[in-house]
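To start, the structure under review is shown below, and the notes come after it.
Indexing begins at 1, ligand by ligand and atom by atom, following the structure's order.
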Amino acid sequence: MVTQIAAPSAMTMLDEETIATLRQELRGALLTPGDPGYDEARAVRNGLIDRRPALIAQPTGTADVVASVNFAREHGLLLSVRGGAHNVAGNAVNDGGLVIDLSRMRGVFVDPIARIARVQGGATWGDVDHETQLYGLAVPGGVVSSTGIGGLTIHGGYGHLRRTHGLSLDSLLSVEIVTADGQVRTASATENPDLYWAVRGAGSNFGAITSFEFRLHPIGPVVQLCAPFYALADGPRVIRAWRDFVSAAPDALNSLLVLWSVPDDEHFPEELRRRPIVVVAAVYAGPADEGERLMQPLRELAEPLLDLSGPIPYTALQAAFDPFFPKGRRYYWKSTYIDDLSDDAVSTMVACAKSRPSGLSGVTFWHLGGAMSRVDDEATAYARRDAPYLFTAEASWEDPAANEQNIAWARESLAAMQPFSRGGSYLNFPGFGEEKEAMLRASYGANYDRLVDLKTRYDPGNLFRMNLNIPPRA
Ligand SMILES: Cc1cc2nc3c(=O)[nH]c(=O)nc-3n(C[C@H](O)[C@H](O)[C@H](O)COP(=O)(O)OP(=O)(O)OC[C@H]3O[C@@H](n4cnc5c(N)ncnc54)[C@H](O)[C@@H]3O)c2cc1C
């Protein structure tokens, strides 16, 4: 029997004997269409994506990853690396190629004395928080526990600790990475420092990362959450007052706004369900009583419809948004940095929220700055650290017939906010990355050309291209 495989320029035919050579090299499974578990392994979070890889390798360790990378390169196969599979564009999977599915590599090993965690490349933030909170420690991660540490860290990492302890990649001490030539390399400040630089912002272009070594920070076990829900009708004055408050806030205060609709869910009062709202979600990364006092004004920006503020275990906080992003829903999320939060920008943002075709969609507005802005733009591949805010249009919907309408809403919202931006997108919310080099140049700024040089050195054949691709020089 012959399996059809997608290659860069043509379809390659691999016979069973050739596939068997890879199977023999792996400790983990090698799935082909029709195998039990194949459909589960090819499904990603975004229900818009429906791809059918020819082969899905499920490594149990670095040796399996090396064998898979070598096999893909030697046979000219399209290659994807699958972490938590949250990427909206579905880069974790492909049609007709090989997927390295890291979901069996989720180990987390904590050294509480040195305050360091070594985490395997397929782990989720839930895995990391579970182990590190045993010692009252944390890595700054994302705000949904099922997101992969892999994709999130290598393009930045915004979470509830970003202003206090920086981006996820700012706590990254080293990685073990399998590069396109099949070599296992360490990248750190002292070993392969150029690769270490590139991984922190553009990691998916440089190899399959089998483990991440993170610095840990003391946090919890309980933190103070401030979460008042205001009517969207009060949006303009709530957002203006929030802006004035956060502009003078200490680094311990990490706040975002969500312009959304109350979920149609039994956990919310019936009379409020589906009502358009502005939620202030602020977390104080310090003593809870101090946070309660400091954040009190955020609970009085207008008359709240509901207020979920209070102390909360850090691990519960990290999973608090989970129910609102189920697997299989349709997602298209796009972002732009906002440099000028003028009153006009506020009104435009509220207008974007009012025009959402789906009540599941939201506009999220992140307050940045603090620790994440005190790193030089040239220190890591990730740039635009000067931006004070990020605007994200998060289109989320269920009806397949409404795909175009929802995607158009996100794109139009971005366009409407451009006058208030000096450019650049947060590359973990890039939509499908359809603007390609224009988006990458605007987001990496002066770092882009150095990334092209390094890509040309480490991956001249562009084996790792199922990502926000930085093509090597010809
Ligand atoms: C519900 C939801 C919540 C989110 N919340 C946040 C948030 O709070 N903060 C934030 O900053 N972002 C957030 N994001 C965006 C998220 O960071 C990106 O979607 C990111 O790409 C997800 O990483 P992943 O490993 O889960 O995804 P994947 O789709 O598996 O991977 C994304 C990209 O990274 C590559 N990759 C993944 N792991 C590795 C690895 N070990 N080695 C090499 N390449 C790898 C993949 O090949 C792919 O190109 C969220 C997304 C969703 C859908």
Side-chain angles (χ1 to χ4, degrees), residues 41 43-49 51 59 62 65 69 79-94 99-103 105-106 119-126 140-162 167-169 175-180 187 199 202-212 254 256 258 281 317-335 362 364 366 368 372 382 390 392 394-396 426-433 459 463-470:
V44 298
R45 179 117 325 219
N46 190 356
L48 276 177
I49 308 295
R51 299 198 178 131
T62 303
V65 175
V69 167
L79 177 65
S80 291
V81 178
R82 180 188 171 110
H86 271 212
N87 168 258
V88 157
N91 286 329
V93 287
N94 63 49
V99 171
I100 299 179
D101 170 7
L102 296 173
S103 60
M105 292 176 59
R106 292 173 55 175
V119 184
Q120 284 186 302
T124 64
W125 288 106
V143 304
V144 171
S145 72
S146 52
T147 310
I149 61 140
L152 185 138
T153 300
I154 57 189
H155 294 108
Y158 288 14
H160 293 304
L161 303 178
R162 66 197 175 281
L167 301 168
S168 305
L169 59 75
V175 293
E176 180 188 82
I177 182 169
V178 180
T179 47
V199 158
S204 55
N205 274 280
F206 290 90
I209 300 174
T210 44
S211 69
F212 294 73
N254 298 270
L256 51 81
V258 188
L317 170 74
Q318 288 291 89
F321 287 116
D322 287 12
F324 310 120
F325 302 104
K327 192 167 182 178
R329 186 171 282 171
R330 282 145 202 275
Y331 299 111
Y332 178 83
W333 298 357
K334 247 179 142 46
S335 66
T364 302
W366 299 73
L368 308 178
M372 61 176 281
Y382 176 95
L390 183 82
T392 307
E394 297 183 356
S396 308
Y426 173 46
L427 295 178
N428 270 330
F429 300 130
F432 299 150
D459 186 12
L463 182 63
F464 292 97
R465 64 182 173 282
M466 285 301 291
N467 45 38
L468 291 164
N469 193 231
I470 300 168

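- Shown in contact with N467 at under 4.0 Å from a heavy atom are these atoms of ligand 1, numbered in order with element: 49 (O).
- Pairing each heavy atom of A89 with each of G431, the nearest pair is CB-O, 3.9 Å.
- The heavy-atom pair separating D459 from L463 by the smallest distance is OD1-N, 2.8 Å.
- Contact detail for N46 and V88: the closest heavy-atom pair is ND2-O, 2.8 Å.
- Between M466 and ligand 1, a contact under 3.5 Å exists for at least one N or O pair.
- Considering backbone and side-chain atoms alike, G148 places an N or O below 3.5 Å from some N or O of ligand 1.
- Counting only distance, with no hydrogens or angles, the side chain of S168 and the backbone of P140 share a donor-acceptor pair below 3.5 Å.
- For the residue pair Y331 and S396, the shortest heavy atom distance occurs at CD2-OG, 3.5 Å.
- Smallest separation of non-hydrogen atoms from V81 and L102: CG1-CD1, 3.8 Å.
- Taking all heavy atoms of N91, I154, N428, N205 into account, the minimum distance to atom 18 (C) of ligand 1 is reached by N428.
- For atom 43 (C) of ligand 1, the candidate residues are G207, S211, G203, S396; the nearest heavy-atom contact is made by G207.
- With a 4.5 Å cut-off on side-chain heavy atoms, H155 and N87 do not count as touching.
- Below 4.0 Å from some heavy atom of A92 lie the following atoms of ligand 1, by number and element: 29 (O), 30 (O).
- Between F321 and F324, the gap from one ring centroid to the other reaches at least 6.0 Å.
- At a 4.0 Å heavy-atom cut-off, ligand 1 touches L102 through the side chain alone.
- By the 3.5 Å distance cut-off applied to N or O atoms, V144 is not counted among the residues near ligand 1.
- Closest to atom 23 (O) of ligand 1, if we only count protein heavy atoms, is G151 CA, 3.1 Å.
- The shortest contact between atom 10 (C) of ligand 1 and any protein heavy atom is with L152 CD1, 3.3 Å.
- Side chain of S80 to backbone of V99: no donor-acceptor contact under 3.5 angstrom is found.
- Contact annotation: for Y426 versus ligand 1, heavy atoms closer than 4.0 Å belong to the side chain alone.
- For atom 53 (C) of ligand 1, the nearest non-hydrogen atom of the protein is H86 O, 3.3 Å.
- Ligand 1 lies out of reach of F321, whose nearest heavy atom is not under 4.0 Å from it.
- By the 3.5 Å distance cut-off applied to N or O atoms, A85 is counted among the residues near ligand 1.
- Scanning for side-chain hydrogen bond (donor to acceptor under 3.5 Å, both in side chains) contacts around Q120 gives an empty result, with sequence neighbours left out.
- Considering both main-chain and side-chain atoms, G83 comes within under 3.5 Å of ligand 1 through a nitrogen or oxygen pair.
- Closest to atom 24 (P) of ligand 1, if we only count protein heavy atoms, is G84 N, 3.4 Å.
- Side-chain contact between F212 and I154 is present, with at least one heavy-atom pair separated by less than 4.5 Å.
- Atom numbering of ligand 1 starts at 1 in the shown order; those under 4.0 Å from a heavy atom of F325 are 1 (C).
- Of the inter-residue distances, the one linking R106 atom CZ with T124 atom OG1 reads 4.5 Å to the nearest 0.5 angstrom.
- In terms of polar-atom proximity, defined here as any N/O pair under 3.5 Å, N87 does make such a contact with ligand 1.
- Of the candidates S204, G150, A123, G150 brings a heavy atom nearest to atom 38 (N) of ligand 1.
- Taking distance alone, with nitrogen or oxygen atoms compared against 3.5 Å, V143 approaches ligand 1 more closely than that limit.
- Residue, atom and distance of the protein heavy atom nearest to atom 51 (C) of ligand 1 are W333 CZ3, 3.6 Å.
- For atom 14 (N) of ligand 1, the nearest non-hydrogen atom of the protein is F429 CE2, 3.5 Å.
- Between the N94 side chain and the R51 main chain, no donor and acceptor come within less than 3.5 Å of each other.
- Near V81, with a cut-off below 4.0 Å to any heavy atom, the atoms of ligand 1 are 39 (C), 40 (C), 42 (N), 43 (C), 44 (N), 45 (C), 46 (C), 47 (O).
- Put simply, the side chain of S335 gets close to the backbone of Y426: a donor and an acceptor are under 3.5 Å apart.
- By the criterion of a heavy-atom distance under 4.0 Å, neither the backbone nor the side chain of Y331 is placed next to ligand 1.
- For R45, the salt bridge (Lys or Arg N to Asp or Glu O under 4.0 Å) criterion is met by no residue, not counting sequence neighbours.
- The protein heavy atom nearest to atom 5 (N) of ligand 1 is T147 OG1, 4.1 Å.
- Summarising the contacts of atom 42 (N) of ligand 1 with N46, I209, L79, V175, the nearest heavy atom is found in I209.
- Counting only distance, with no hydrogens or angles, the side chain of Q318 and the backbone of G142 share a donor-acceptor pair below 3.5 Å.
- Considering both main-chain and side-chain atoms, Y158 comes within under 3.5 Å of ligand 1 through a nitrogen or oxygen pair.
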